[in-house]
Amino acid sequence: MRIILVRHGESEYNPLNIIGGDPNLSENGIKFASNLNNFIENQSNWFPKKCICSSKKRVQQTVDAFKSKMNSILINENLNELDAGHCEKLTYTQFYQLYPDEFAKRYQDKLNYRYPGGESYIDLIERVRLVVEDIKDKGEDVFIVCHQAVSRALIAHFTDEKLEDIPHIDVPLHNLVIIEDGKKKGIITVGDIINDNLIQELFELNK
Ligand code: F6P
């Protein structure tokens, strides 16, 4: 079973380091969505045709660009980003300035830290469990379009990454995370130039 994870395209909040919210895609994010559509078209021999995604605007705007390439698109709110409670729509600097003790607690134990009025990574890993179980039951390849913390929570279920490392995994924007048979095989940057040989060599995707 092949799982491909991607975060939405860059949002208007990403360059400003704003936490959560429901922003639109930025111009860079719109460009990414269009590049992603071209990528899926060119790589249709191995790319999953079933998409599962969060309901947030930045995700829906990303999915809109390639929806004609999918056989099905399921929106699942359990894939919405980590709920940062009272810290939603703050920048990380504002979070630090307004709630220095909370900020320090999160720094010390990001896995268990629960935002006031919001969620922890442990909560999120539990929230996505039903989505994961359904994917595993069906056994079909899927393309999941979601968010940074949600990608990490999904990696916790689909791979053997250590739980304490989960909140720190690098999931860069505009990159596809490829997971096959419980292993993270690597990531592919979606850009203007698609190097087929590199993709085949790195991931042996035709095997
Ligand atoms: O900054 C983008 C974002 O998706 C936020 O909305 C979310 O709270 C954050 O990433 C999760 O990452 P971290 O847990 O590292 O702050």
Side-chain angles (χ1 to χ4, degrees), residues 3-33 36 51-63 75-129 131-132 143-159 161-177 184 187 189-190:
I3 314 281
I4 303 189
L5 299 179
V6 75
R7 293 170 65 188
H8 52 82
E10 183 192 85
S11 75
E12 287 174 344
Y13 284 1
N14 288 137
L16 304 173
N17 278 324
I18 295 174
I19 300 166
D22 194 12
N24 291 308
L25 291 182
S26 68
E27 277 189 23
N28 279 339
I30 294 168
K31 178 111 193 320
F32 164 73
L36 180 59
C51 173
I52 310 180
C53 56
S54 107
S55 68
K56 293 291 176 181
K57 270 196 304 204
R58 55 200 185 278
V59 166
Q60 289 303 308
Q61 289 166 5
T62 304
V63 170
I75 299 172
N76 192 319
E77 289 183 0
N78 283 325
L79 294 176
N80 288 1
E81 185 53 311
L82 180 75
D83 181 353
H86 302 327
C87 296
E88 284 279 312
K89 298 205 222 165
L90 297 182
T91 65
Y92 286 94
T93 308
Q94 288 167 333
F95 173 26
Y96 171 70
Q97 287 167 342
L98 288 170
Y99 307 105
D101 295 347
E102 293 292 324
F103 191 91
K105 279 195 237 162
R106 185 165 206 255
Y107 184 78
Q108 278 153 17
D109 185 0
K110 200 175 172 189
L111 179 66
N112 289 295
Y113 174 78
R114 181 177 286 138
Y115 279 105
E119 291 177 305
S120 68
Y121 267 90
I122 291 289
D123 296 333
L124 181 60
I125 290 167
E126 203 43 46
R127 163 149 70 83
V128 301
R129 184 180 295 280
V131 185
V132 169
F143 181 37
I144 304 177
V145 188
C146 55
H147 304 268
Q148 174 155 247
V150 172
S151 298
R152 292 169 175 157
L154 292 169
I155 289 170
H157 287 281
F158 285 121
T159 75
E161 291 275 349
K162 282 204 261 146
L163 198 54
E164 59 268 32
D165 294 337
I166 290 297
H168 306 283
I169 294 172
D170 191 26
V171 187
L173 282 169
H174 304 180
N175 282 265
L176 305 173
V177 178
K184 199 161 102 186
I187 59 178
T189 305
V190 176

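What you see is a predicted model; the values in this text were computed from it and never measured. Every number for a ligand or one of its atoms is a count from 1 in the order of the listing. Just so you know, residue 1 is the first one in the sequence shown, and it goes up from there.
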Completion exercise
Checking heavy atoms under 4.0 Å, the part of E119 that sits near ligand 1 is neither
Practice task
For K110, take its heavy atoms, then give the atoms of ligand 1 lying under 4.0 Å from any of them.
Solution key: 13 (P), 14 (O), 15 (O)
Exercise for the section: Could you tell me if any non-hydrogen atom of G20 lies under 4.0 Å from any atom of ligand 1? Expected result: yes
Exercise for the section: Would you please indicate if the ring centroids of F95 and Y115 are separated by under 6.0 Å? Expected result: yes
Handout entry: Polar proximity ligand 1 side, Q148 side, N/O cut 3.5 Å exclusive
Key = yes
Practice task
Write down the atom of L176, the atom of I4, and the distance for their closest heavy-atom approach.
Solution key: CB-CG2, 4.0 Å
Handout entry: Mode of Y92 contact toward ligand 1 - side chain, backbone, both, neither (heavy atoms, under 4.0 Å)
Key = side chain
Problem - Minimum heavy-atom distance between K184 and I155, given as atom pair plus value - result: CD-CD1, 4.4 Å
Handout entry: N or O pair under 3.5 Å between P167 and ligand 1
Key = no
Exercise for the section: Have a look at ligand 1 and work out which part of N14, if any, has a heavy atom under 4.0 Å from it: side chain, backbone, both or neither. Expected result: side chain
Handout entry: For ligand 1, the portion of E81 having any non-hydrogen atom under 4.0 Å away
Key = side chain
Practice task
Would you check if P116 and Y99 make a side-chain contact, meaning some heavy-atom pair closer than 4.5 Å?
Solution key: no
Problem - R106-ligand 1 polar pair, N/O distance under 3.5 Å - result: yes
Practice task
Could you tell me whether the side chain of R152 reaches within less than 4.5 Å of the side chain of E161, counting heavy atoms only?
Solution key: no
Exercise for the section: Using a strict cut-off of 4.0 Å, indicate which atoms of ligand 1 neighbour a heavy atom of I19. Expected result: 6 (O), 8 (O)
Completion exercise
Here the pair of heavy atoms bringing F103 nearest to Y92 is CE1-O, 3.7 Å
Handout entry: Backbone of K57 reached by a side-chain donor or acceptor of D22 within 3.5 Å
Key = yes
Handout entry: R152, portion touching ligand 1 at heavy-atom distance under 4.0 Å
Key = side chain
Handout entry: Ion pair E81/K56, N-O distance below 4.0 Å
Key = no
